[in-house]
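The model shown is predicted, which means the values in this text are computed figures rather than measured ones.
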Amino acid sequence: LTAVLAGLRADAQTVLPADDRFVLGVRTGFRHFSYTEKIGAIESNYDAVGPALGVSANFRILDRLRLNLDYLGTFIPEDTETWKNLGTVAGLPITQENSLKVDLHAFDIDVGYSLVKRPQLEWTLVGGWHYYQENFTRSDFRFLVANIVIPVNIGPVSEDVTGQGIKFGTTLEFMATDKLSMQGGFAYYSLYDVQADNSLLGKVDSDGDAFRWR
C-alpha cells in the first residue's frame with residue numbers, strides 16, 4: 001500500500017501549555033492499493049487508486065518519547081480484479097475477471113522515540129499495535145478463455161477482513177510552517193490474527209505480514 005498525503009498540524013496549547021505536548025493532525029491525499037490473493041496455484045491481482053483521509057494525535061511523554069494514535073481510511077473506486085490459473089479448457093487457460101470495490105480502515109497505537117529532534121525536522125522509530133478492517137465487494141463475474149468472454153450469473157459477493165498484530169516502523173516529519181507539515185513513514189506489521197468472513201465461502205482464519213508506506 002502506498003499513500004501520498006499532505007497534512008495540517010494544530011498545536012493544542014490550550015490543553016497542555018508546554019509547546020508540542022499535544023498535537024492533533026488531519027491529512028488527506030490519495031492511496032495506491034495493490035492487492036494479491038492466493039489460493040493454491042490460483043492468484044488474483046488488483047491495482048487501484050483512491051482518496052485517503054487520516055487523523056492522528058500525538059502525546060509527548062518526554063522530550064524524545066511520545067504516544068501516537070493514528071487512523072487512516074481509504075475508499076478505493078471500483079476496478080477490475082483478475083484471477084489466473086483457474087484451469088484449462090482444450091488446453092486454453094481460464095481467467096476470471098470481476099469488479100472489485102474496497103474500503104480500508106487502519107488504526108495504530110504506538111510509542112515513538114525521536115532519534116533526531118529539531119525545530120523543523122524529526123526522525124522517529126516506533127513500535128506498537130495495529131488493527132485494520134478491509135471490506136471487499138465483488139460483482140460482474142466473467143470467465144475469459146482465449147478472447148472469448150463468458151459471463152457468469154453470480155450475485156455480488158462481500159468479504160469482510162479484520163486483522164491485528166505487532167507494528168515496527170519509522171517516520172520522518174518536516175515542518176514547512178507552524179501549521180503545515182510534510183510526513184513520510186514506513187511500517188512492518190506481523191499480523192498474528194487475521195479473519196475473513198466471505199458471504200459465499202464462510203469464515204477463514206489466517207495470519208501473515210504486511211508493509212505500509214506513507
If we only count heavy atoms from C-beta on, is the [X] to [Y] side-chain gap below 4.5 Å?
| X | Y | result |
| --- | --- | --- |
| Ile42 | Gln96 | no |
| Phe33 | Thr74 | no |
| Glu78 | Asp140 | no |
| Leu172 | Leu121 | yes |
| Phe107 | Gln133 | no |
| Leu53 | Val26 | yes |
| Asp103 | Lys101 | yes |

Check: Between the side chains of Glu81 and Ser44, is a donor N or O closer than 3.5 angstrom to an acceptor N or O?
Finding: yes
Find the distance between [atom1] ([X]) and [atom2] ([Y]) and round it off to the nearest 0.5 Å.
| X | Y | atom1 | atom2 | result |
| --- | --- | --- | --- | --- |
| Asp79 | Asn98 | CG | CG | 11.0 Å |
| Asp193 | Thr162 | CG | OG1 | 6.5 Å |
| Arg64 | Glu122 | CZ | CD | 8.5 Å |
| Asp207 | Leu191 | CG | CG | 8.5 Å |
| Tyr192 | Asp209 | OH | CG | 14.0 Å |
| Ser56 | Leu24 | OG | CG | 7.0 Å |

Note to self: Let's go through Arg66 and Phe59 carefully: what are the C-alpha distance in whole Å and the side-chain angles of both, what is the deciding distance for side chain to side chain contact (heavy atoms under 4.5 Å, CB included) to 0.1 Å, and is it a yes or a no?
What the structure shows: CA-CA 5 Å; Arg66 63 184 178 183; Phe59 303 87; 5.9 Å; no
Is there a donor-acceptor contact under 3.5 Å from the side chain of [X] to the main chain of [Y]?
| X | Y | result |
| --- | --- | --- |
| Thr95 | Phe143 | no |
| Asn85 | Ala41 | yes |
| Arg21 | Arg60 | yes |
| Thr170 | Thr124 | yes |
| Ser199 | Ser158 | yes |

Item checked: Parallel, tilted or perpendicular, as decided by the 30° and 60° cut-offs, for the rings of Tyr188 and Phe211 -> tilted
Next item on the list: Please state whether the rings of His105 and Tyr71 are parallel, tilted or perpendicular, taking 30° and 60° as the class boundaries.
Entry: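 Judged by the thresholds at 30° and 60°, the geometry between His105 and Tyr71 is parallel.
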Note to self: Does atom NZ (Lys84) have a neighbourhood of more than 12 heavy atoms from anything else shown, all under 6.0 Å?
What the structure shows: no
Nearest atoms (heavy-atom pairs only) where [X] meets [Y]:
| X | Y | value |
| --- | --- | --- |
| Asn68 | Gly112 | ND2-N, 3.7 Å |
| Asp108 | Arg212 | OD1-NH2, 3.5 Å |
| Phe22 | Ala57 | CE1-CB, 4.2 Å |
| Val102 | Phe136 | CG2-CD2, 3.7 Å |
| Asp47 | Ser34 | OD1-OG, 3.1 Å |
| Ala48 | Ile76 | CB-CG2, 3.3 Å |

Note to self: If we check side chain to side chain donor-acceptor pair (under 3.5 Å) with Glu159, which of these qualifies: Asn198, Asn135, Thr137?
What the structure shows: Asn198
Notebook entry, point to check: Gln164 and side chain to side chain donor-acceptor pair (under 3.5 Å): which partner among Tyr132, Tyr189, Trp129, Tyr131?
Noted result: Trp129
Next item on the list: Tell me, with the steps shown, if Leu67 and Val111 meet side chain to side chain contact (heavy atoms under 4.5 Å, CB included).
Entry: CA-CA 5 Å; Leu67 175 66; Val111 175; 4.2 Å; yes
Assigning hydrophobic clusters by single linkage (Ile, Leu, Val, Met, Phe, Trp, Tyr; side-chain heavy-atom cutoff under 4.5 Å), is [X] placed with [Y]?
| X | Y | result |
| --- | --- | --- |
| Val145 | Leu86 | yes |
| Val149 | Val152 | no |
| Leu144 | Trp83 | no |
| Val204 | Leu100 | no |
| Ile94 | Ile39 | yes |

Salt bridge check: are [X] and [Y] linked by an N-O gap of less than 4.0 Å?
| X | Y | answer |
| --- | --- | --- |
| Asp70 | Lys167 | no |
| Glu97 | Arg142 | yes |
| Arg27 | Glu173 | no |

Next item on the list: Mark yes or no: Arg138 above the aromatic ring of Phe141, with NZ or CZ under 6.0 Å from the six-membered ring centre and no more than 45 degrees from the axis.
Entry: no
Check: What about Phe168 and His130, are their ring centers closer than 6.0 Å?
Finding: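 Centroid separation for Phe168 and His130: 6.0 Å or greater.
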